[in-house]
2 protein chains.
Amino acid sequence: MARHEKISISVIRRLPRYYRFLGDLSRNGVLRISSKELSARMGLTASQIRQDLNCFGGFGQQGYGYNVDALHAEIGSILGISKIFPAIIVGAGNIGRAIAMNIGFENMGFKLTGIFDSSPDVIGMEIRGISVIDVSQLETFCKAHKPKIAVITVPQQAAPDIVDRLIKLGIESFWNFSHFDIAFNYPGIVVENVHLGDSLMTLCYMTNNLSALAAHQPQKTEK
Amino acid sequence: MARHEKISISVIRRLPRYYRFLGDLSRNGVLRISSKELSARMGLTASQIRQDLNCFGGFGQQGYGYNVDALHAEIGSILGISKIFPAIIVGAGNIGRAIAMNIGFENMGFKLTGIFDSSPDVIGMEIRGISVIDVSQLETFCKAHKPKIAVITVPQQAAPDIVDRLIKLGIESFWNFSHFDIAFNYPGIVVENVHLGDSLMTLCYMTNNLSALAAHQPQKTEK
DNA sequence: TAGATTGTTAATCGATTAACAATC
DNA sequence: TAGATTGTTAATCGATTAACAATC
């Protein structure tokens, strides 16, 4: 699928945002869009959009632009969201439950198949039709159901052990909300460390330095 | 505080992570650390750590390294987390409630002063000792309490109107969890668009391209 | 066709890494 | 003092932007 062998992480991280904007455009009945107009809506340069897309293929047409639906589908296919991987959530506290309820796993390449916790208060609770299982059953469950991704929503001190067990069980992807940083240096493991606290602190810095940052992100348009 | 007038966003985004690692080190009784050892723990280069810190000042000592507690305090002060800004959450659904319960606002420069929703089912509900208020009271509340930051956890279609009203009320910072992108081009407004769905889709891409990405993040160490 | 807009190469800009003199 | 490690300048690398020929 990829034209160039090595796609940079910066490009990859922009793909879901393209996908989102194109989905919105499609829902609003927009049939075609030029890189110039998309760039104005997204706050990017048209050049960057064309560069990004051409990492994967020539999806546009000179003099016309891009077909919204076709490009939306292409990016979905690049992201690989049609191939559904089984997912589990470990930690059924507030964050774990909120994610279970709010994230459209089905539209993002995943299907939620299990939720785990260690507290008797939540074990057995039904979340989105899934019953919370005792975390001691993790090994049994994973051997039977072979989940590919785990959402980590346990407290910091519990995280290293859970991650270690899951890696032994063959989990390849981690979506980590715990305060613990999953290292990137395991071979064959991919990780998204979310760290909401870091995001809030970044906002704190920006709030404190508002004047220095004023009109920070330039809304460049071509020509 | 800043030595150089313009600190890049890449540097700023690494600060909370430094702060977190230094806090952990401090709690583990580590008194001093060299950029080399910190780089090994964090998966960065020692050079980058020294460059980053020297944007703000010379906090180390040749031949010794950095005093963990002093550096931790310095970064906290750079982030500005001691000056507490009043914060509100708009949207008391799963995500809003999870954030209210889990995020240590007090340790991150903020104090939660109000939670809003439009649904009669949640209005009046107590979350962390705060009673959920009808969102129609937003104007009255904000004029009285002058919050500085708003956490946006409403559905996508409600977001544009809420953001518009909050900007009129003088809110300067947005921590946005809605599916709607708050544009960066308002003058004097700072925004963190979190977009958990984008993060999950990025992980989907990485999971699908695991082999190509294998051992992606190099753990460089000096010398 | 003429006008528009892509795909792609080249130029620029910024961020990361390397090197090393300064100094604790 | 000798060894270690910083702060800082220079070199490298990568990502973004600009330009334009190709072409629909």
Side-chain angles (χ1 to χ4, degrees), chain A residues 2-15 17-18 22 30-68 70-71 74-75 184 213 216-223, chain B residues 2-15 17-18 22 30-68 70-71 74-75 184 213 216-223:
Chain A
R3 279 189 172 185
H4 311 297
E5 210 34 58
K6 193 65 194 160
I7 311 288
S8 88
I9 188 73
S10 317
V11 173
I12 296 165
R13 288 195 181 283
R14 280 191 292 269
L15 294 177
R17 190 152 176 266
Y18 290 133
L22 289 163
V30 178
L31 298 179
R32 53 164 282 210
I33 194 156
S34 67
S35 60
K36 187 178 171 186
E37 197 192 333
L38 188 58
S39 73
R41 286 175 187 261
M42 295 186 67
L44 302 170
T45 62
S47 207
Q48 179 164 62
I49 291 176
R50 295 201 298 277
Q51 283 279 28
D52 284 353
L53 297 177
N54 280 88
C55 291
F56 302 98
F59 305 128
Q61 195 173 301
Q62 280 98 330
Y64 173 87
Y66 300 86
N67 177 297
V68 170
L71 187 56
E74 284 287 0
I75 295 175
F184 302 99
L213 295 161
H216 188 222
Q217 244 88 356
Q219 297 288 101
K220 291 263 186 70
T221 37
E222 218 172 43
K223 184 62 54 51
Chain B
R3 277 192 175 184
H4 311 299
E5 210 36 58
K6 195 62 194 161
I7 310 289
S8 89
I9 190 71
S10 318
V11 174
I12 295 165
R13 287 196 183 283
R14 281 191 292 269
L15 293 177
R17 191 153 176 265
Y18 290 134
L22 289 163
V30 178
L31 298 180
R32 52 165 280 210
I33 195 156
S34 66
S35 58
K36 186 178 173 187
E37 198 192 332
L38 188 58
S39 74
R41 287 176 186 260
M42 294 186 67
L44 303 170
T45 62
S47 209
Q48 180 164 61
I49 291 175
R50 295 201 298 275
Q51 283 279 27
D52 285 353
L53 298 177
N54 280 90
C55 291
F56 301 99
F59 304 129
Q61 196 174 299
Q62 280 98 331
Y64 174 86
Y66 299 86
N67 176 298
V68 169
L71 186 56
E74 284 287 359
I75 295 175
F184 301 100
L213 294 161
H216 188 222
Q217 243 89 356
Q219 299 287 102
K220 293 261 187 69
T221 36
E222 217 171 45
K223 183 59 51 56

Undergrad: Between B:Thr45 and C:dT16, does any side-chain N or O lie under 4.0 Å from OP1 or OP2?
TA: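 False: B:Thr45 side-chain N/O out of range (4.0 Å or more) of C:dT16 OP1/OP2.
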
Undergrad: To the nearest 0.5 Å, tell me how far A:Ile33 CD1 sits from A:Leu31 CG.
TA: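 One finds 11.0 Å between CD1 of A:Ile33 and CG of A:Leu31.
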
Undergrad: Separation of A:Leu71 atom CG from C:dG7 atom C1', in whole Å?
TA: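 After rounding, the reported distance stands at 14 Å.
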
Undergrad: Please state how far atom CD in A:Gln62 lies from atom C1' in D:dT23, giving the value in whole angstrom units.
TA: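 Distance, rounded to whole Å: 5 Å.
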
Undergrad: Can you check the B:Leu38 CG to D:dA4 P distance for me, whole Å?
TA: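 Going from CG in B:Leu38 over to P in D:dA4 covers 19 Å.
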
Undergrad: Counting only Watson-Crick or G-U wobble pairs whose two distances fall under 3.5 Å, which nucleotide matches C:dA10?
TA: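 Here C:dA10 is engaged in a pair, and the nucleotide opposite it is D:dT17.
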
Undergrad: Please compare A:Tyr64 and B:Gly63 by the position of their nearest nucleotide in DNA chain D and report the one closer to 5'.
TA: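 Final value for this comparison: B:Gly63.
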
Undergrad: Among B:Asp52, B:Ile49, B:Leu38, whose side-chain contact (heavy atoms from CB on, under 4.5 Å) with B:Leu44 holds?
TA: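 Of the listed residues B:Asp52, B:Ile49, B:Leu38, the side-chain contact (heavy atoms from CB on, under 4.5 Å) partner of B:Leu44 is B:Ile49.
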
Undergrad: Figure out the CG/C1' separation between A:Asp52 and C:dG7, and round it to whole Å.
TA: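 Those two atoms, CG and C1', are 13 Å apart.
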
Undergrad: Indicate whether OP1 or OP2 belonging to C:dA4 is found under 4.0 Å from a side-chain N or O atom of A:Tyr66.
TA: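 Answer is no, no contact under 4.0 Å.
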
Undergrad: Find the distance B:Arg50:CZ to C:dT17:C1' and express it as a whole number of Å.
TA: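 Roughly 10 Å, once rounded to whole Å.
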
Undergrad: In whole Å, what is the span from the NZ atom of B:Lys36 to the P atom of C:dA19?
TA: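 Roughly 14 Å, once rounded to whole Å.
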
Undergrad: Is D:dT23 paired to anything, Watson-Crick or G-U wobble with both distances less than 3.5 Å, and if yes, which nucleotide?
TA: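 Across any shown strand, D:dT23 pairs with C:dA4.
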
Undergrad: Is the shortest heavy-atom distance from the side chain of A:Arg14 to the side chain of A:Gln48 under 4.5 Å?
TA: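 A side-chain contact exists here, since the closest heavy-atom pair is under 4.5 Å.
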
Undergrad: Return the CZ to OH distance between B:Arg50 and B:Tyr66, rounded to the nearest 0.5 Å.
TA: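 Nearest 0.5 Å value for the CZ-OH distance: 6.5 Å.
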
Undergrad: Collect all protein-nucleotide pairs involving nucleotides 9-15 of chain C in which both atoms are nitrogen or oxygen and the distance is under 3.5 Å.
TA:
from  : atom 1 : to      : atom 2 : distance (Å)
C:dT9 : O4     : A:Gln51 : NE2    : 2.9

Undergrad: Which distance, rounded to the nearest 0.5 Å, do you find between the CD1 of B:Ile12 and the CD1 of B:Ile9?
TA: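 Here the rounded value is 4.5 Å.
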
Undergrad: Got A:Phe56 and A:Ile75 here, is their nearest side-chain heavy-atom distance under 4.5 Å?
TA: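 In short, these two side chains do not touch, never coming nearer than 4.5 Å.
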
Undergrad: Please state whether the phosphate of D:dT5, meaning OP1 or OP2, lies under 4.0 angstrom from any side-chain nitrogen or oxygen of B:Ser35.
TA: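 Answer no for this pair, as no side-chain N or O of B:Ser35 is under 4.0 Å from OP1 or OP2.
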
Undergrad: Do B:Leu53 and B:Leu71 come close enough that some side-chain heavy atom pair is under 4.5 Å?
TA: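 B:Leu53 reaches B:Leu71 side chain to side chain.
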
Undergrad: Roughly how many Å is it from CZ in B:Phe56 to C1' in D:dG7, rounded to a whole number?
TA: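 These atoms are roughly 15 Å apart.
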
Undergrad: CZ of B:Arg32 versus C1' of D:dG3: gap in Å, rounded?
TA: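 Going from B:Arg32 (CZ) to D:dG3 (C1'), I get 12 Å.
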
